[in-house]
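All remarks here apply to the structure that follows.
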Amino acid sequence: MPELPEVETIRVSLDPVLVGRTIADVELRAPMLRRPLDQTLRTALLGRRIVGSSRRGKYLLLALSDGRTWFFHMGMSGRLRFVDGEHLPALHEHLLARFVEGGTLVFHDPRRFGLSVVEDAAVSKLLADMGPEPLDEQRFTAQYLCSRRATTRRSIKDVLMDQRVVAGLGNIYVNEILFRAGLRPRRSIKRLTAADLERVVEATRTVIADAIEHRGSTISDFLDGIGRRGGYQWRHCVYDREGQPCPSCRTPIKAVIVGQRSSFYCPKCQR
DNA sequence: GTAAACCTGGCA
DNA sequence: TGCCAGGTTTAC
């Protein structure tokens, strides 16, 4: 669910309802996700006002009135939602922040691979080491990808999934990007031409911008910050479509494993 | 590099 | 019953 377009969709939907609200109460219902949900977190949040929102890669960042930052990562199954009025906690709702002005921010995460933490050194380091945003036309370029390929013999899919190379891409979108670029996921980045890399960059921008515009992909359970489904799943060309016809040439889509993850491609359109 | 780990739910 | 899942980290 939560790759860059889904996290951005959550952010855009939450920003207008969260900014300006002050945290009155924090209810923690699990001892930890990827980081402890403890008294330190509660203390950091109580009495703070949310003054802004931003995103870096797959991380959602809420700016607090004391200058610190509240980080969220959705992992595989995390959902962040604002609920108006009274809210009684349900199964897998691990963190609830209630506001002075009313309403509750609810972090729901069945698989508990997510993260919610204030001003964490390890997270700051991850963000500092993160590659450019895919929509940053100055930094994410074919020349940049070319400069990264000298050091590695990895597949183009592995490289695009690496958050240190480019921020926010995951399994769904890398599959879709490589379809648009006409490249098989197992191709070694070393053997790609400058023209190939140009197509990868172009495809990345197109797919990510389009996915944000359609408010992300709802495969099974993604919802935005106010409970709406995304629409980009209807535009997937290859992801999870093994055996179905390629939208371009009707050849059946193939599935292979690359870097431990399911990968899908059209054997005719992608070389 | 690759495998296994974290955890739950859904589906064949 | 067993396998798979949008992610990341840790250990061979």
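Being a predicted model, the structure only gives us computed values, none of them experimental. In what follows, chains are A, B, ... by sequence order, proteins preceding strands, each numbered from 1.
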Secondary-structure notation, DNA chain C, from Watson-Crick and G-U pairs under 3.5 angstrom (| other strand): |||||.||||||
Nearest-nucleotide 5' precedence on DNA chain B, A:Arg34 against A:Leu91: A:Arg34
Less than 4.5 Å apart, any side-chain heavy atom of A:Ser188 and any of A:Arg154? no
Between A:His73 and C:dG7, does any side-chain N or O lie under 4.0 Å from OP1 or OP2? no
When you list every nucleotide of DNA chain B with an atom under 4.0 Å from a heavy atom of chain A, which one comes first 5' to 3', and which comes last? B:dG1 to B:dG9
Return the orientation label for the A:His73 and A:Tyr59 ring planes: parallel under 30°, perpendicular over 60°, tilted otherwise. perpendicular
Specify whether A:His236 and A:Tyr239 have parallel, tilted or perpendicular ring planes, treating 30° as the upper limit for parallel and 60° as the lower limit for perpendicular. perpendicular
Side chains of A:Asp224 and A:Thr9: donor-acceptor distance under 3.5 Å anywhere? no
Tell me which residues in residues 116-133 of chain A lie within less than 4.0 Å of DNA chain C, going by non-hydrogen atoms. A:Leu126
Got a second to check how far A:Leu60's CG is from A:Met74's CE, nearest 0.5 Å? 5.0 Å
Distance between P atoms of C:dA5 and B:dG1 (Å, rounded): 23 Å
Please give the distance between the P atoms of B:dC7 and C:dA11 as a whole number of Å. 15 Å
